[in-house]
Amino acid sequence: MNTTIRIKLSVMMFLEFFIWGAWFVTLGTFLGNNLKASGSETAAVFSTQSWGAIVAPFIIGLIADRYFNAEKILGFLHLAGAFLMYQMYQSTDIGLFYIYVLSYMVLYMPTLALVNSVAFNQMQDPEKEFANIRVWGTIGWILAGLVISFLFHWDSAEAVSNGLLKNTFLLAGIAALILGLLSFTLPATPPKVNDEKVKIADIIGLDALKLLKDKNFLIFFISSILICIPLAFYYQNAHPFLTAAGVENPTGKMAIGQISEALFLLFIPVFFARFGFKKTILVGMLAWAVRYVLFAYGNGGDLSFMLITGIALHGICYDFFFVSGQIYTNSKAGEKYKSAAQGLITLATYGIGMLIGFAVAGWITDNYKTVEGAVNWLIVWIIPAGIAFSVFLIFAFLFKDKSKLANEI
């Protein structure tokens, strides 16, 4: 891979995740303050991510992989996304906003696979080269949060009350426009030449359902869905909570979670080799419960360190469960069902699990408010802490696989 292509791919990854980080982190606060959305309405908006994840395989499997160059589809999707971002920026009605964000997510979620396809197509040794390109995506997400907090100050108490968080959609839209235009200059990534008839079962991974006959994999599968319920609480409520708690520069400080995520990826091989899959994933589950207890009893004043610690635990929460789970799934599926199994787990977590999670988080937020109408954050965080700990106990007692899977790293 020559230097020009490497730079283009790195910029592609940077913008791909800068776009997402520029608006999604602050979305909950924007909805509550700018559009006066209820908990259930906020949950519905966040659920568009799950609907996008469900639709994405069909766009990739039925269109991108068969008829058009990946970089061209990437360009068109981001240009359309830029237009929708501008509509979201102008929107003042929650109903209309929902239509725009749902349309956007249906277009954006497939691009996560498309950028990977474009990158992999240029690599001779993806195992060694991909991480150096993908890391720019994490940097993009982090920088988006830092820009919002420390450059524009859109998440300050005064700015939030003045409705300036809507500018995050304009920022994301400009980045989407740039990436849309850049995409047409990326290296050609032609569709796969395949005359076989596409099966819906292949696209959503139904062929991997036979893996559920394995009791241990079934326990892991169910646990993956259940742990997404507390995960949804974080996505939906963390930023509004930090803002309400009076934490300064909350968006920038939430970027600590992405820094943590990048760092803890390095520790997964060590944990797998020494402790095996079960203990590694249990640490991830327990971290969810601990982080929410820290949120429940911390505050934006003398106990603000508890909130920052909870944010920093994101690396353990995400990597030790989801990344470890992907490795475990890969090891159990075998060559024939690897793609199908990963598709099934993605559908179960970001599809089914997150849909349930956002609905529960919205219901809890609406039903646990003080007399003055403020959210009772203690209860809102204790409930997902309890759910995460319950999943921890279920997995600890029922999952019996003792293999370390060290060779799978």
Side-chain angles (χ1 to χ4, degrees), residues 24-25 27-29 31-32 37-50 219 222-247 250 254 257 281-300 303-314 316-318 320-322 348-398:
F24 194 72
V25 175
L27 178 60
T29 304
L31 292 171
S38 66
S40 59
E41 288 172 333
T42 299
V45 171
F46 272 92
S47 295
T48 60
Q49 174 187 263
S50 298
I219 296 300
I222 294 172
S223 299
S224 296
I225 294 175
L226 294 177
I227 205 67
C228 282
I229 297 175
L231 171 62
F233 274 78
Y234 181 74
Y235 284 154
Q236 184 168 316
N237 289 326
H239 196 277
F241 164 66
L242 294 174
T243 302
V247 175
M254 283 188 69
I281 207 166
L282 282 173
V283 169
M285 291 178 176
L286 188 60
W288 283 107
V290 171
R291 110 185 295 185
Y292 289 144
V293 169
L294 290 171
F295 280 0
Y297 293 101
N299 60 49
L303 297 180
S304 60
F305 73 92
M306 295 175 67
L307 307 185
I308 300 301
T309 302
I311 295 170
L313 282 173
H314 183 71
I316 299 178
C317 294
Y318 187 87
F320 280 43
F321 186 89
F322 287 95
T349 53
Y350 283 94
I352 299 170
M354 294 291 279
L355 279 176
I356 297 172
F358 286 130
V360 172
W363 186 86
I364 294 298
T365 303
D366 275 340
N367 284 274
Y368 287 93
K369 293 185 176 180
T370 63
V371 177
E372 296 79 16
V375 176
N376 186 339
W377 290 112
L378 174 65
I379 300 298
V380 167
W381 292 126
I382 284 296
I383 289 175
I387 295 172
F389 189 67
S390 298
V391 179
F392 169 86
L393 293 177
I394 291 171
F395 194 82
F397 286 107
L398 298 181

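Because the structure is predicted, anything quoted here is derived from the model rather than measured.
Using a 4.5 Å heavy-atom cutoff, the side chains of P240 and W377 are in contact. The shortest distance between side-chain heavy atoms of V290 and I316 does not fall below 4.5 Å. Taking the side chain as every heavy atom from C-beta outward, C228 and F321 never approach each other to under 4.5 Å. Between I219 and F395 the shortest side-chain heavy-atom distance falls below 4.5 Å. In this structure the side chain of W381 reaches within 4.5 angstrom of the side chain of N237, judged on heavy atoms.
A search for ring pair (Phe, Tyr, Trp, His ring centres under 6.0 Å) contacts involving Y234 returns H314, not counting sequence neighbours. The ring pair (Phe, Tyr, Trp, His ring centres under 6.0 Å) check on F233 picks up nothing, with sequence neighbours excluded. In this structure Y350 satisfies the ring pair (Phe, Tyr, Trp, His ring centres under 6.0 Å) test with no other residue, sequence neighbours excluded. A search for side chain to side chain donor-acceptor pair (under 3.5 Å) contacts involving Y235 returns nothing, not counting sequence neighbours. With sequence neighbours excluded, no residue satisfies side chain to side chain donor-acceptor pair (under 3.5 Å) with T42. By the side chain to side chain donor-acceptor pair (under 3.5 Å) test, N376 pairs with no residue at all, sequence neighbours left out.
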(request) Would you please test I383 and V360 for side chain to side chain contact (heavy atoms under 4.5 Å, CB included) and show each step? (result) CA-CA 10 Å; I383 289 175; V360 172; 5.5 Å; no
(request) Could you check L303 against Y297 for side chain to side chain contact (heavy atoms under 4.5 Å, CB included), going step by step and ending with a plain yes or no? (result) CA-CA 8 Å; L303 297 180; Y297 293 101; 6.0 Å; no
(message) Go through it in stages, so that I can follow the logic: the residues are F295 and I311, the test is side chain to side chain contact (heavy atoms under 4.5 Å, CB included), and I'd like the CA-CA distance, side-chain angles, deciding distance and then a yes or no.
(response) CA-CA 9 Å; F295 280 0; I311 295 170; 4.2 Å; yes
(request) With side chain to side chain contact (heavy atoms under 4.5 Å, CB included) as the test, would you mind laying out the steps for F241 and L307 before giving the verdict? (result) CA-CA 10 Å; F241 164 66; L307 307 185; 3.7 Å; yes
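Of the possible donor and acceptor atoms, one in the side chain of S38 sits under 3.5 Å from a partner among the backbone N and O of E41.
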